[in-house]
Protein chains: 2
Amino acid sequence: MATRERADDTRPAAAATDAGAGEPDAATGPLDSVLRPVRAGNGFEEALEQVLQLLRLGLVPPGERLPSERELSQHLRISRVTLREVLKVLQDQNMVESRRGRYGGTFVLPRPAAPEGSGELRRRIAAVDVEDTLRFREVLEAGAAGLCAEGLTADAELRLRGALDATQGARLEDYRRQDTLLHLTLAELSGSRTLAARYAAVRATLNELLDCIPLLVRNLEHSQQQHAAVVEAVLDRDADAAREMMREHCGGTAALLRGFLA
Amino acid sequence: MATRERADDTRPAAAATDAGAGEPDAATGPLDSVLRPVRAGNGFEEALEQVLQLLRLGLVPPGERLPSERELSQHLRISRVTLREVLKVLQDQNMVESRRGRYGGTFVLPRPAAPEGSGELRRRIAAVDVEDTLRFREVLEAGAAGLCAEGLTADAELRLRGALDATQGARLEDYRRQDTLLHLTLAELSGSRTLAARYAAVRATLNELLDCIPLLVRNLEHSQQQHAAVVEAVLDRDADAAREMMREHCGGTAALLRGFLA
DNA sequence: AAGCAATGGTTCTCTGTCATACCTTATGCC
DNA sequence: GGCATAAGGTATGACAGAGAACCATTGCTT
């Protein structure tokens, strides 16, 4: 009985007012940078997104345990009930497994290789603005490398060297993870918490894209050389070189992705 | 009768587990970049923050009308009731004024010069990580300038020239606003929506800080020269120069702020 | 003067989320 | 073997927020 009828409120049709035209998501106006939805989705979806980040970044590798539900819910500032809904979804996707009892917890399962035909992959790509991701990533990475080189402390040197070494010795199936951790370390050492947080987010998206294309050993070796060059520049406190090297490094990945996803 | 007692759930004390230690906000661990609160504050506070951005960025200048309540609430994906609570706060602060009837709306009031003694200002600064803001800003600005120079279109050229001209001709009290718009334009033309959105956020914070220090004509002239140099580099499609100039420009503001707020 | 349209102002109900408390299971230590 | 402990699993009451529908005010158009 047509209860879908709009009564008085809600948008009348497409009558344009001064500022915002018709549909909320279209029309790249000047205000659109600010007037984004306050919470992307059901509130619980946002939490899901963050836990997914944790997995996609490999911050909790397969086989390891997530923080306990009580801890996670506190960190994310959501109730345990809501967090459990999130975990429920991940369990249904066979991404995590929960075990009860002391020393139990929620454990990360290894990814089941290729989930399906590439239909699934294509669908995920469609949901991402690839160009946006690649550009933003390059900006953050180059900036982080530069800042890192400028304000390098002894402690930072150590962490950076450690992260680089870890990538050098990584086995193939662990490479993506160590790579991510190296870049994440750089972002954290930039001295801007905001930068680190934004990088984590964009890197999670990037990793999702990278999962859609083959891992070429040829590229991997090249990457490693670039990693070494970037870290060297940072340790030399040569900010310009660090930025330049990092931009080149990102450009490589970007070209690869653009090629495969075009 | 000590109902504040924790029963079973909620954090036990400070018992450290593998991942997250004690208090949510302390301890800059590796997971902390991801495990941020899902919604900063009451949900309504987030909306307030965004509307404040609109004002602080000068996207809706004094005397102008905000989008209607129905539009705004749709853009922010909050109910009109909640949005009205936000506007209520702004009305109480004498920042906006609402008029009913057709062609009515919510109008931005001019700022009442200096609100109070500097106690208020100091308090606001305390809530901001100044170093974080300045560094992140520099990274985004330099990156945007570079990207902008690389992929410059004819339309972008026009918008950029227009924005620069507007700053040149701006009166003193309108300078901050035109300056913001110029930088915002650059961010939008970077081709990364995410970058533009993040820049808008950080710029709003920056403007708040800038409101705490005097506006020196001497610096303003210098700024203008730098603006011209940046835009020139971009129009020349010289990405390296654009980044370099922009970094210098940001460095100037940063030094000024660090000096005054130290 | 009458009517229409676009806006702010108000009220209602219903759903999602939170906080809290408690139960159940598994492990290590005594 | 028994107990303490730390984890997941469950149930409940209160409340904030969304959505829809209304009312009230104003100014333009006819």
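Every chain is numbered from 1 and lettered A, B, ... according to where its sequence line falls, protein lines coming before strand lines.
- Comparing B/E69 and B/V81 along DNA chain C, the residue whose closest nucleotide (by nearest heavy atom) sits nearer the 5' end is B/E69.
- The nucleotide whose nearest atom lies closest to any side-chain atom of B/R100 is, among D/dG8, C/dG8, D/dG17, C/dG8.
- Checking D/dG9, C/dT17, C/dG8 against the side-chain heavy atoms of A/T82 singles out C/dT17 as nearest.
- For B/E45 and D/dG17, the CD to P distance is 9 Å, given to the nearest whole Å.
- Applying the 4.0 Å criterion to OP1 and OP2 of C/dT7, one finds that B/T106 has every side-chain N and O outside that range.
- Side chain B/R80 to base D/dG17: no donor-acceptor pair is found below 3.5 Å.
- Counted by atom type alone, B/T106 and B/E69 present zero donor-acceptor pairs between their side chains at under 3.5 Å.
- Between B/D211 and B/R56 there is no salt bridge, since no side-chain nitrogen of the basic residue lies less than 4.0 Å from a carboxylate oxygen of the acidic one.
- In the set D/dA18, C/dT17, D/dA21, the nucleotide with an atom closest to the side chain of B/S79 is D/dA18.
- In this structure, A/R99 contributes its side chain and A/G105 its backbone to no donor-acceptor pair below 3.5 Å.
- In terms of phosphate contacts, B/R65 brings a side-chain nitrogen or oxygen within less than 4.0 Å of OP1 or OP2 of C/dT7.
- The separation between A/E97 atom CD and D/dA7 atom C1' is 14 Å, rounded to whole Å.
- Below the 3.5 angstrom threshold, one finds a donor paired with an acceptor across the side chain of A/R70 and the base of D/dG8.
- If you measure from atom CG of B/L90 to atom P of C/dG8, you get 14 Å, rounded to the nearest angstrom.
- Atom CZ of B/R99 and atom P of D/dT25 are 17 Å apart (whole Å).
- The side chain of A/R84 places an N or O atom within less than 4.0 Å of a non-bridging phosphate oxygen (OP1 or OP2) of D/dG9.
- What separates CD of A/E46 from P of C/dC18 is a distance of 11 Å, to the nearest Å.
- Closest to the side chain of B/R102, from the set D/dG8, D/dG27, D/dA21, is D/dG27.
- Rounded to whole Å, atom P of D/dG19 lies 10 Å from atom CD1 of B/I78.
- Checking D/dC28, C/dG8, C/dT20 against the side-chain heavy atoms of B/Y103 singles out D/dC28 as nearest.
- In this structure, A/F107 places its CZ atom 13 Å from P of C/dA26, rounding to the nearest Å.
- When only modelled atom types and interatomic distance are considered, B/D132 and A/S192 share a side-chain donor-acceptor pair under 3.5 Å.
- In this structure, B/L76 atom CG and D/dA18 atom C1' are separated by 14 Å, rounded to whole Å.
- A donor and an acceptor atom, one from each side chain of A/T180 and A/R203, are located under 3.5 Å apart.
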